[in-house]
Amino acid sequence: HCCIHTAAVTGGRAATVPPGGGNSTQTAAALRPSRRSNVGGQERGDMNELVRCLPSPTLPGLHLPCLDGLDTYRGWLFKWTNYLKGYQRRWFVLSNGLLSYYRTQAEMAHTCRGTIPLATAHIEVGDTCHLVLTSGGRSYHLKATSEGECQRWVSALQQAKANATLLMHHSDDSGDEGPVPQEDRALTQGVLKTLASKLDDLSTCNELIGKHGAALQRSLSELEELRGSSESTDKVKAVNERATLFRITSNAMINACRDFLDVAESHSRRWQKALQHEREQRHHLEETIEQLAKQHNSLERATTTVRVDHLKSEGDASDENDEAEFFDAMEDSPAFITVTASGNIQHKRSGSNQSMMSTNHMLRRTRRSRIPDKPNYSLNLWSIMKNCIGKDLSKIPMPVNFNEPLSMLQRLTEDLEYSELLDRAARCDSSLEQMCLVAAFSVSSYSTTVHRTAKPFNPLLGETYELDRLEEYGYRSICEQVSHHPPAAAHHVTSQRGWTLWQHITIDSKFRGKYISVVPFGNIHLQFHSSGNHYVWSKVTSTVHNIIVGKLWIDQSGDIDIVNNTTKDTCRLKFSPYSYFSREVPRKVTGVVEDREGTAHYILSGTWDDIMESAKIVDSSQGCGGSEGKQKTVYQTLQPKLLWKKYPLPDNAENMHFFSSLALTLNEPEEGVAPTDSRLRPDQRLMEAGLWDEANVQKQRLEECQRLERKKREVQANQALEEGQDIEGYQPLWFEKRTDETRENTYVYRGGYWEAKDRQDWSQCPEIF
């Protein structure tokens, strides 16, 4: 990699011959013009013109920080690639604080496989010739051929890291001090002018390379024609001179490129720092604006609290009327971007209602708004899942590292996060508008799953969970695990605001190698008290992707058919599966609301993780372009109207399992609950507190106790069978199996739980914890 420098003293500039240019004597001879032909004078003139035009390899007046003794180190190392290929031999080059690697030495001329900046890297020495470099959140596992070679690499890397750190500090302007705008502007303009000058130099070199390359090609052609003639000697010298010109120009091009790169690299850190400063300022401004908005909201509530006593005298009926008028104003609004006069009036009235509700809420219990942060424990998922392909995951014991601190019963209860949609639907006079809100409610239950790839705890047989929100939202809910294999849960909710919901869900989860599919079986029933409308629908399939490699992500796919058994209205919702090649909006949901005759009245659209809207159909026509000769139906609709919008996640949600505001309160300790309540489950409570090792011990104990209970029931069943007695399987405490009006065998609430809670009589409850 040595190179021979030959100075052509013209205008104080030097031209450099690249590697392979020959020794100094040959080069000097090549530079000397020939006196035996007229070509020499032309070549001499070209040489002088070239030397005058070539850019200097250094930039006068620009002082770049440099490090003395920063030697280049290179050699072969083994780099870990993946589990299939293991360690692979790579050629590593350490230069200027950067560790680059290539598959072969020949690749250095054109392809770099990766570069590790040592200034921010962490160097760790392992056992038996191993070392680990960590930079930018990525780890590089390297292995040398011997201990001595490993030690030499570690010394070189540590020295290069120290030098690169000094260079980084030297290149920074003023540390963490505030920027000086005037000086920064002048320095930036100077750097830009320097870069522009270097670009001009590169353009000049490019033109010269093209010119002398063409001349060299012509000379070679002439030499080919004159082979064997007396003029061949002069032509050879001419070709040599043109080749020398071409080499000098190419080398100048390389030097100009190197200078351009040095200038850009020396100032890149400073520009990155300035960009980071602007981002921090923007973030600070956003926080300030958010704080001002909260203060404004508090002041607005304080001014409206004065009218609370007057509003209370109007009674609950006036509150309902206000809510209905506010809802109608939203429905009549053509768009949400502009605010009409009527919209302002209704907004003020609803604001007073909100202030009264918030004042009443202050008199109630304050729910918790955070839980302990999730510990950063790592576990090899593949070591556990590799033997589970095609199996039912409910039968495989898993450590709590793959769980979130909620049980499946609590996840079912979390469907009630947007219960106000059902409150609005209960006040609807039109069954078709009611269907739109029911459809939005069925979609909203998936919004909390978008970031939550961890599995909930499998409930123990007989485990229960209650959620009493009569004071806040007018409903109370009770769940019970009615079967363990297959896992099945029954759920019943009664609302004072005019609706009842119940469901019996069986979960089938299978590991397919690259993903886990969770398929719920069973129907959800919803009945409104005033109209008697009875809605039935089921859930879609949930899929967790990238189980082996990559970041876990969840998707929902399939169809939901909602049927009003009373009026026979229907709604089919289609959850489009995510596709990398699709142009559709991710997590898209679409649907059509039809009456019993099949006439479409509303178009529903949105995403299952954020928003749902409805648009009333005013006209329909048959279009073209359908498959298999079928014509597509074209609907003309009014402006879409908002049905549902997801609540923002609480602050620090990413460290609290991405729980929503309701999910944060589900495992909050409550007094007076049944001894089988999920809140009292010890392994789940320990996991929430961050004590995962202790939680795993308790989880194994509970699962062993459950296995012993199941074996005990099997022995009793066998004895009864031998004695000729009737065998009665496990019977849930609060639910019983019935055949409903749709001829479906389902578990429904038999009653008695809330009465037992009022008496605090839990003598019938088993000891499962």
Side-chain angles (χ1 to χ4, degrees), residues 367-371 374 403-423 438 440-459 463-470 472-481 487-495 499-507 509 518 520 522 524-526 537-542 544 554 556 560 575 587 608-610 612 644-650 653-654 656-670 673 677-679 681 684-685 687-688:
R367 305 286 178 182
R368 69 180 184 180
S369 59
R370 66 171 294 108
I371 59 175
K374 175 184 176 182
N403 288 73
E404 61 180 15
L406 290 178
S407 73
M408 190 62 202
L409 302 180
Q410 290 166 314
R411 285 291 292 268
L412 278 179
T413 308
E414 203 175 341
D415 289 353
L416 303 173
E417 173 111 26
Y418 299 94
S419 62
E420 69 271 10
L421 290 171
L422 301 183
D423 299 339
V438 172
F441 174 78
S442 67
V443 174
S444 69
S445 62
Y446 298 97
S447 63
T448 61
T449 66
V450 62
H451 299 296
R452 291 164 61 180
T453 54
K455 65 184 291 288
F457 279 79
N458 291 329
E463 186 174 333
T464 61
Y465 180 74
E466 68 158 77
L467 187 68
D468 191 344
R469 292 291 191 267
L470 279 178
E472 294 96 329
Y473 305 110
Y475 70 81
R476 55 186 183 182
S477 161
I478 175 65
C479 290
E480 182 178 6
Q481 186 77 359
H491 184 204
H492 186 269
V493 190
T494 302
S495 174
W499 52 270
T500 300
L501 181 144
W502 66 97
Q503 58 181 320
H504 170 214
I505 299 295
T506 301
I507 301 296
S509 55
V518 180
I524 304 171
H525 298 257
L526 172 66
W537 70 92
S538 58
K539 290 180 173 287
V540 296
T541 299
S542 302
V544 182
I554 194 168
Q556 315 289 346
I560 293 181
F575 287 65
R587 311 181 185 98
W608 55 262
D609 67 323
D610 185 43
M612 283 298 293
W644 161 74
K645 175 72 176 173
K646 180 186 176 182
Y647 299 145
L649 289 176
E654 64 276 6
M656 299 187 295
H657 309 275
F658 287 98
F659 281 178
S660 63
S661 298
L662 175 63
L664 288 173
T665 67
L666 292 180
N667 206 41
E668 187 176 8
E670 296 267 0
V673 298
D677 196 275
S678 299
R679 298 178 180 89
R681 182 166 173 164
Q684 186 173 304
R685 180 65 60 190
M687 183 197 176
E688 183 185 272

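As a basis for the values below, the full set of heavy atoms in this structure was taken, side chains included, without hydrogen atoms, waters or symmetry mates. As the structure is a computational prediction, the values presented were derived from the model and not from experiment. Residues: numbered from 1 along the sequence shown.
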- Item | Results of side-chain hydrogen bond (donor to acceptor under 3.5 Å, both in side chains) for Thr500 - residues two or more places apart only | His529

With rounding to the nearest 0.5 angstrom, report the [atom1] to [atom2] distance, [X] to [Y].
X      : Y      : atom1 : atom2 : value
Arg476 : Leu470 : CZ    : CG    : 5.0 Å
Met408 : Tyr465 : CE    : OH    : 14.0 Å
Arg587 : Ile554 : CZ    : CD1   : 10.0 Å
Gln410 : Cys479 : CD    : SG    : 9.0 Å
Leu666 : Ser660 : CG    : OG    : 7.0 Å

- Task: Name all residues meeting the side chain to side chain contact (heavy atoms under 4.5 Å, CB included) criterion together with Ser495; count only those two or more places apart in sequence or in a different chain, and write none if there are none.
- Result: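 Here the qualifying residues are Asp423, Tyr475, Arg497, Trp499.
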
- Item | Thr449 versus Gln556, side-chain donor and acceptor atoms under 3.5 Å | yes

- Item | Residue that, paired with Glu404, satisfies salt bridge (Lys or Arg N to Asp or Glu O under 4.0 Å) out of Lys374, Arg411, Lys455 |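 The option that passes is Arg411.
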
Would the distance check show the side chain of [X] and the main-chain N or O of [Y] forming a donor-acceptor pair, the cut-off being under 3.5 Å?
X      : Y      : result
Thr413 : Leu409 : yes
Tyr446 : Ser542 : no
Arg368 : Leu664 : yes
Glu688 : Arg685 : no
Asn403 : Pro405 : no

- Is it true that Arg367 and Glu670 have a side-chain N and a carboxylate O under 4.0 angstrom from each other? yes

- Task: Assess whether side chain to side chain contact (heavy atoms under 4.5 Å, CB included) is satisfied between Met687 and Asn667, documenting all intermediate values.
- Result: CA-CA 11 Å; Met687 183 197 176; Asn667 206 41; over 6 Å; no

- Answer whether the closest heavy-atom distance between the side chains of Leu501 and His525 falls below 4.5 Å. no

- Assess Lys646 against Tyr418: is NZ or CZ under 6.0 Å from the centre of the six-membered ring, and within 45 degrees of the ring's axis?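 No, Lys646 does not sit over the ring of Tyr418.
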
